[in-house]
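Heads up: the structure comes next, in C-alpha cells.
In what follows, every chain begins at residue 1, and chains take the letters A, B, ... in the order their sequences are listed. Because only heavy atoms are used, hydrogens play no part in the values below, and waters and symmetry mates are left out as well, while side chains stay in. Predicted model, so just to flag it, every value in this text is computed and none were measured.
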Protein chains: 2
Amino acid sequence: METSTEEKIIQAAEKVFVRDGYDGARMQSIADEAEINKAMLHYYFRSKEKLFQQILTGKIKAFLPTILGIIQAEMTILQKFEAVVDGYLKMLSENPRLPIFILFSTYRNPVILEQLPREVFHGLIGFIKKAIRNGELKKVDPEHLLVSMMGMCVFPYVAKPIASHMLGKSDDEYLLFLRNRKKEIMTLLKELVN
Amino acid sequence: METSTEEKIIQAAEKVFVRDGYDGARMQSIADEAEINKAMLHYYFRSKEKLFQQILTGKIKAFLPTILGIIQAEMTILQKFEAVVDGYLKMLSENPRLPIFILFSTYRNPVILEQLPREVFHGLIGFIKKAIRNGELKKVDPEHLLVSMMGMCVFPYVAKPIASHMLGKSDDEYLLFLRNRKKEIMTLLKELVN
DNA sequence: ATTTGCATTAACCAAATGGTTAGATCATAT
DNA sequence: ATATGATCTAACCATTTGGTTAATGCAAAT
C-alpha cells in the first residue's frame, strides 16, 4: 500500500514541526523526511505558513475530543475523573512532545484557536458542577479543578527535561515515574470526593 | 544613570529571546531593541548561541531558588505549601511568558541543565517526607506531589492561549482567574493535611 | 497516436541572516 | 600632545532559506 504524496508530506511535516517548532523547521527537512522534491511542498500547500497551520490545527483537534467520548453519564464523578486522566495520560505517553509543541505554537499563533470547539471543556465542567450539586464532590471551583487536572497530567511531559534532571532520574526512571502518575493524581482527586 | 552596552544587550536579548524563542529571534531585533550596532553583539558575546545560553541559564537560575529562602523550618507543612505556591504564582504573574520559554528551550537544549543545582527540589521533597513521617500529611508520593504542585501553578501560564479560549475568557477575565488560582490550589492541598 | 492536464524535477532566485572586517572614535595613561 | 587599547560603526560577505519556474514525465481521455 503506497501513501499519496500529499499524505507523505503531512506525516513528514508533523514529525519535523513537532520536533523543531515552526521557526526551527526547514522545508528541506520536511521534503527529505517525505522523500519528495521540495517544490512539491509548495505545489500542495502553497507556503510553509499554510502547511504549518494545517498541521497545528490537526494536532490540536486530535488532542481534544477523544476524552469526551469515553465518559458515560451514569459514571460516578471519580470514574469520570479517572477516564479523563487516563485518556490524557495515554495520549501523552504516545505523543510526549505534542503538548509543548501545541502550547508554544499557540502562544505565537493564537488566531488558530478561534475555530476550536469549546464543548469538551464545557462538558467536563458541567459534570463537575453536577457532582457538586449532588453532594458527590466537595465544593471547589469547577474551572480551576479542570485546569488543575490538566496541569497535573500535562506538566510532567512539557517539563520533562527539567523535571527529570531535578529529580535526578534517568530517561528510563522518568518513564517509570510517568507510569505511576495516574495513581498519584487519582489519590489527590479522591480526597475531593465525599 | 546610564546602563553599560553589555547590560543593554542582555536586557534586550532577554526580551527578544523570551518572546520569540531561539529560532525565532533575530540578532538585528536584539540590536534594535538595545539601540546598538549589531556587531556589538558579537563583540561582547561571540555568537547567537553563546548569547542565548547565557540568557537561558540566567533565567532558569532566577526561576528556581527564590522559593527555598522563604521557607522556615518551624512552619507547618501547609504554610510551607502556601509559601511555595505563593512564591511561584507571584514570580509567574510578573513573568508570564518565562515558563513556556524555559520549557521549550530546555527541550532542545537539555545540556544546559547539567549545571543547575538540585537542592531546591531535594529540599522541598525533604519537607514533604518529614511531614508524612510526622503524620502531618497523608501518605502520598513526595515527588509526585511536588510535580503536581508545580503543574497546578505553571500550567495555567504555559497554556494561557488555549485555556482562556476554552474557558471563553477575555484577557482581563483570565487575569482575574489567575488571581484566584492560589486559593483554589490551596483548597486542594488542604485535603491532604491531617 | 495525439492531446490534455496533473505531477514531478532540477535549476534558479531574491531576501534574510549570522557573522566579519577595516577603519573611526574615544577615554586613559604616559 | 601622543600613544595605546578598548569600544563602536558602516559596509560587506557567505550561506541559508522559502519560494518560483521552465521543462519533463505520465496517465487518462479523445
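- Electrostatic pairing of B:Glu136 and B:Lys130 does not count as a salt bridge here, judged by no charged N lying under 4.0 Å from a carboxylate O.
- Taking 4.0 Å as the cut-off between side-chain N and carboxylate O, B:Lys183 and A:Asp141 do not count as a salt-bridged pair.
- Using cut-offs of 30° and 60° on the angle between ring planes, the pair B:Tyr88 and B:Phe63 is tilted.
- Look at CG on A:Asp20: it is 15 Å from C1' on D:dT16, rounded to the nearest Å.
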Any chance you could encode DNA chain D as dot-bracket? Rule is Watson-Crick or G-U wobble with both distances under 3.5 Å; [ ] for pairs crossing earlier ones, | for another strand. ||||||||||||||||||||||||||||||
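- Rounded to whole angstrom, the span from the CG atom of B:Leu41 across to the P atom of D:dC8 amounts to 12 Å.
- Residues A:Tyr22 and B:Glu35 each lie close to DNA chain D; by heavy-atom proximity, the contact nearer the 5' end of the strand is made by B:Glu35.
- At least one test fails for B:Lys59 against the ring of B:Phe101: distance under 6.0 Å to the centre or angle within 45° of the axis.
- Classification of A:Lys138 and A:Glu191 as a salt-bridged pair fails, no side-chain N sitting under 4.0 Å from a carboxylate O.
- Contacts of B:Tyr44 with the nucleic acid, taken as non-hydrogen atoms under 4.0 Å apart, involve only primed sugar atoms and P, OP1 or OP2.
- Atom pair A:Arg26:CZ and D:dT15:P shows a separation of 17 Å (rounding to whole Å applied).
- Both cation-pi conditions hold for A:Lys48 and A:Tyr22: the charged atom is under 6.0 angstrom from the six-membered ring centre and inside a 45 degree cone around its axis.
- Using a cut-off of 4.0 Å between Lys/Arg side-chain N and Asp/Glu carboxylate O, B:Asp23 and B:Arg108 are scored as salt-bridged.
- The separation between B:Met40 atom CE and D:dA6 atom P is 13 Å, rounded to whole Å.
- Using a 4.0 Å cut-off between a side-chain N of Lys or Arg and a carboxylate O of Asp or Glu, A:Lys8 and A:Glu35 do not qualify as a salt bridge.
- Computed from coordinates, the B:Gln28 CD to D:dT9 C1' distance equals 12 Å when rounded to whole Å.
- You can see that DNA chain C meets the heavy atoms of chain B within a 4.0 Å-exclusive cut from C:dT17 to C:dT21, reading 5' to 3'.
- Of the charged side-chain nitrogens involved, at least one lies within less than 4.0 Å of a carboxylate oxygen, so that A:Glu143 and B:Lys169 count as a salt-bridged pair.
- Using a 30° and 60° split on the angle between ring planes, B:Phe17 and B:Phe52 fall in the perpendicular class, above 60°.
- Donor-acceptor pairing under 3.5 Å is recorded for the side chains of B:Arg181 and A:Ser148.
- Counting non-hydrogen atoms under 4.0 angstrom, B:Ala31 reaches nothing in the nucleic acid.
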Where do N or O atoms of nucleotides 19-23 of chain D meet protein N or O atoms at under 3.5 Å, pair by pair?
residue: D:dG19; atom: OP2; partner: A:His42; partner atom: NE2; Å: 3.1
residue: D:dG19; atom: OP2; partner: A:Lys48; partner atom: N; Å: 2.7
residue: D:dG19; atom: N7; partner: A:Lys38; partner atom: NZ; Å: 2.6
residue: D:dG19; atom: O6; partner: A:Lys38; partner atom: NZ; Å: 2.6

